[in-house]
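Labels below follow one simple rule: chain letters A, B, ... track the order of the sequence lines, proteins then strands, and each chain is numbered from 1.
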Amino acid sequence: MIARVTRLSGVALIAAALAVPPAAPPVGPAAVPPAVPPAVPPAAPPAAPATTTPIEHFVFLMQENHTFDNYFGTRPGVDGIPVGTCMPVRRGTAKPCVEPYHIGNQGSLDLDHTASAFRIQHNGGRMDGFVEGVSTQGKDGRMAMAHYDDRDLPYYWNLADEYVLFDRYFSSSNSGSIRNHMYRVTGGPGATGRAETIPPNGWGNIPTIFDRLEAAGISWKFYVENYDPTITFRTRLSAPDVDRGAQVIWVPLLGYPRYLDNPNLFAKIVDLDEYYDDAARGDLPAVSFIAPSGDSEHPPGSIQAGQNLVRSLLNQLMRSPLWNSSAFHWSYDDWGGWYDHVAPPQVDQYGYGFRVPALLVSAYAKRGHVDSTTLDFTSALKFIEVNWRLAPLADRDRKANTFLDAFDFSSPPRQAVLIGGERNPPPEIRTRSAAVYGSYAAVAVLVALLVVFAAKDPWRRRPRVLATDPEGGGT
Amino acid sequence: MTATQPRPAALAQDREAETLAPERGALPSTARARSRQVVAALVGIGAVALLARAWRLDNLGFNSDEAVYAGQAASLAGNPGYVDMFPAFRAHPLLFQTVLSPFYRVGDVDVVGRVVVAVFGVATVFAVYLLGTRLYGRRVGLLAALLLAVMPYHVVVTRQVLLDGPMVLFATLTLYCMVRFVESQRTAWFVAAGGMLGVSMLTKESCVVLAGAVYAFIALTRKVRRPVRLSILAIAVTAAVVVAHPISLALAGHTSTGRSYLVWQLFRRPNHGMSFYLDTVPVAIGLLVVALALGGLWWLRRERSWRETLLLCWILAPVLFFHLWPVKGFQYLLPVVTPLAILAARGLLGLPLPRRLSAPRVAARSRLVAVAIVVLSLVAPSWSAVTSHNTTTFLAGSGGVPGGREAGRWLAANTPPGSVVLTLGPSMANIIQYYGHRRSYGLSVSPNPLHRNPTYVPLANPDWVLRHNELQYVVWDAFSAARSSFFAERLMTLVRRYHGRVVHTEYVDGAGADGNPTRIPVIVIYEVRP
């Protein structure tokens, strides 16, 4: 805390003392309301192995269930929705078809996004089954062709103007959340075969990126929104609120006995509130993973709530002393059943899945850059492994591209600027200063001439009686 | 008490001698020596006036009004740091801001505006000399200038970027033109007075009240020429000058700005009680000065002339108007300092002395002692106001705000651009916007357009704004909190609800309840989040 001191007079002292909020004592530094915690001076940066880039703090958030075209398909300058797109209601039959449309105020649905839905929508690479993939589940298939734009996602679009938007970023698995989240932390699908479930005994010994970090003495934390540490793979099916069981899917570490039973490891899975405190103190770990809860943007949830969460996280990072050495990356765990026009490369039996939105915000991120490198969730693992010199976890992350090209490390770090949530703010009315200067200059000249004229009055009259002498009561 | 007769002839002789003085080139040696003495005295008075107005001018940062006027000047000059924060057109005409704007073209500047006002203040001291000399002779002119040079009221106001200091210079020049008109009965001087009054009104529109003083004077003074044609001509000139403001508004596309502000001023609630001016202004002017001005009118009553009528009209018109006007400001009565200083100087030099002090040398020494006492009675409070950080801090218009500049600069240096700040009231919001370059909103600004200054932007639902990440910092300040405990409590509720963390505090030194020195927080900055 920085303070400047000036002197206060007696009157000012009384007034100031009276003005101190009633919960506080009348004088002294403690007059600041005690219910509000004082800021702690930024901690010294934790000792960690040197990084290969200026990025010493990497934050990776995973939101839920949207495609690239669903969020950014109408954005100029990206590989967006092709002109003339019309998705057949039935695969292989051109008509009738559904054109992409702006979702507007229409409520969204939780569209089918299982492996079988993927197969229908993908249709062997023909990409013509998006409507049918949803309608076969008894839902309105046209919804798959709905999309958002900057009217709905002004903050994300503003961020894309300033930082990096990826338009060839694929979900790692062509199925739902469990495999994709496992790819995010292990580089592999976790559950193999057709089943996509968490094994009854947990994930066993599948290595995670956190094992690598732990072994290398690199700090990490897994921040969880609305974290309930009692919900683990052991309890999730018996939890009173079965929806809260998703916490175990989105935080795969809660499916590992060793992370639950080792207090040292378990203590690194924390509530998201700690992220704000850590960032404010300059005490973020080297690697931070974040899992949302109610603000995940998972349909039919509010995408605005998700934007607000991302904005909170980024605002805090931008206000943190660590901004100049940090990178914040977020994406979406699967496509959620929405349309995307790019057929995903087939790298193995599990993926890739369809494209998902992904952005990178950092003091070193290129400004307004669209990165078209083929990436997936394991690209984030690859970045961590490259940056902290760690061994790969699996085949996927070993072969993955990373997003180093999205950075510009040759330039000094960019100053943080809090991005607004308004897409097209009304232009400020600029004052035409010349009109003001001209008007007042004309007046000045006029009055000056009047005074000079009066002083040298060429029409001088003979002074009348009043003149100079006192009147002696003449008023 | 025995007293010498007032010396009705003395002041008139003084004037007469100067009026009849030969041309400069033909001055005899004694006249030249006297002229040099006058110049030396004027230089000394000017130096004192400048010292009083410039000493530790940067001690405290701007108050709210200063921030607004300087911000307008910077915006007018196109300074990119202020254009988005301060619209050039707000409440008042822009003559002074236009003069100021070249100094604010680039960078973060503040004190230069005060220097400009201080120069206006010193110029007013010289204008008072000219006026006093023309009315009552050089001695009165010099003494009136000296009184004004050290008068706390004028010193304090002309150390701030306020419109009132420049306005009083133009008002004094208007008075000078009026005097020349009455003396010469030349139409041109009356027209010039009309033009100068227009300039005063372009500096601050409230100066229109001085038109009432002119009218009252003409109505009360039988021997002043007052043909209708003359009045129409002068009014037309005044109007031609004043119309520069609406013309510039129209050309710049802001026609509704002035109208909205006028409507609000007419219907806003009183901000001070009826005794406000009586409580604050005479003390600031100097009680001895007021007493001498009034006393002089009594003991020099045999010399009564149109001059006193004119000066009294110049005092009474603003005093009556602003006393009745619901909105009161410490500096609003500043135009009265010119006639008061002249009347006080006249009263002091015409001070009746006991018979035993009537010998010329003794009388001169006695008057010198009286002058010294009066001047010292002004110097002491002026010096206190100049050197103290905040003796009158809590009265708008009476000085800078402790910690405001430092808090704003802290925000500029330690928060990302784009951060938005919530303050307790609009005054601190203006200061934060000026020094911090961060958009700031006052919590106490009413969403009801009838109850707020139209230039302020209210937050209809601060809770919603905070919840949606539109606000990142909250600033509590003791000065606003002292005025509204209700909004202070509301602000702290929001701070607690949105995880407020203290990130910066500005303190002042004071004494605790036990009398020991302690630091008192006057401005606290909180970081907040949803």
Query raised in the report: Most heavy-atom pairs under 4.5 angstrom with chain B, which of A:Leu309, A:Val451, A:Ile419, A:Val417?
Result: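 Among A:Leu309, A:Val451, A:Ile419, A:Val417, the one with the most close pairs to chain B is A:Val417.
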Query raised in the report: Does B:Arg180 reach the main-chain N or O of A:Ala454 with its side chain, forming a donor-acceptor pair under 3.5 Å?
Result: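 No, B:Arg180 side chain to A:Ala454 backbone: no donor-acceptor pair under 3.5 Å.
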Query raised in the report: Is the side chain of A:Ser433 donor-acceptor paired with the backbone N or O of B:Leu76 at a distance under 3.5 Å, no angle test?
Result: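 Such a contact is found between A:Ser433 side chain and B:Leu76 backbone.
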Roughly how far apart are [X] [atom1] and [Y] [atom2], rounded to 0.5 Å?
X	Y	atom1	atom2	answer
B:Arg438	A:Leu418	CZ	CG	8.5 Å
A:Arg319	B:Glu527	CZ	CD	4.0 Å
A:Asn315	B:Thr415	CG	OG1	11.5 Å

Tell me, side chain or backbone of [X] under 4.5 Å from chain B's heavy atoms, or both, or neither?
X	result
A:Gln316	side chain
A:Val447	side chain
A:Asn308	both

Kindly give the heavy-atom pair with the smallest separation between [X] and [Y], and that separation in Å.
X	Y	answer
A:Ser312	B:Asn469	OG-ND2, 2.7 Å
A:Phe453	B:Ala188	CD2-CB, 3.9 Å
A:Tyr440	B:Thr98	CD1-OG1, 3.8 Å
A:Tyr437	B:Ser101	OH-OG, 2.6 Å
A:Val436	B:Ser248	CA-CB, 3.9 Å

Requested in this report: Look at atom CZ of B:Arg301 and say whether more than 12 heavy atoms of other residues, nucleotides or ligands are closer to it than 6.0 Å.
Outcome: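 More than 12 within 6.0 Å, yes.
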Report task. With B:Arg501 as the cation and A:Tyr276 as the aromatic partner, state whether NZ or CZ is under 6.0 Å from the six-membered ring centre and within 45° of the axis. Result ->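 Judged by the rule (NZ or CZ under 6.0 Å from the ring centre, within 45° of its axis), B:Arg501 is not positioned above A:Tyr276.
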Considering only heavy atoms, which portion of [X] lies under 4.5 Å from any heavy atom of chain A: side chain, backbone, both, or neither?
X	result
B:Ala77	both
B:Val237	side chain
B:Ser485	neither
B:Pro93	both
B:Val199	side chain

Query raised in the report: Would you call B:Arg529 and A:Asp277 a salt bridge, taking side-chain N to carboxylate O under 4.0 Å as the test?
Result: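 A salt bridge is absent here (no side-chain N lies under 4.0 Å from a carboxylate O).
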Report task. Quick one: list whatever passes salt bridge (Lys or Arg N to Asp or Glu O under 4.0 Å) with B:Arg467, sequence neighbours left out. Result ->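 Here the qualifying residues are B:Asp463.
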Report task. Could you tell me which residues satisfy salt bridge (Lys or Arg N to Asp or Glu O under 4.0 Å) with B:Glu470, sequence neighbours excluded, listed by chain and number? Result ->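 So B:Glu470 forms a salt bridge (Lys or Arg N to Asp or Glu O under 4.0 Å) with A:Arg311.
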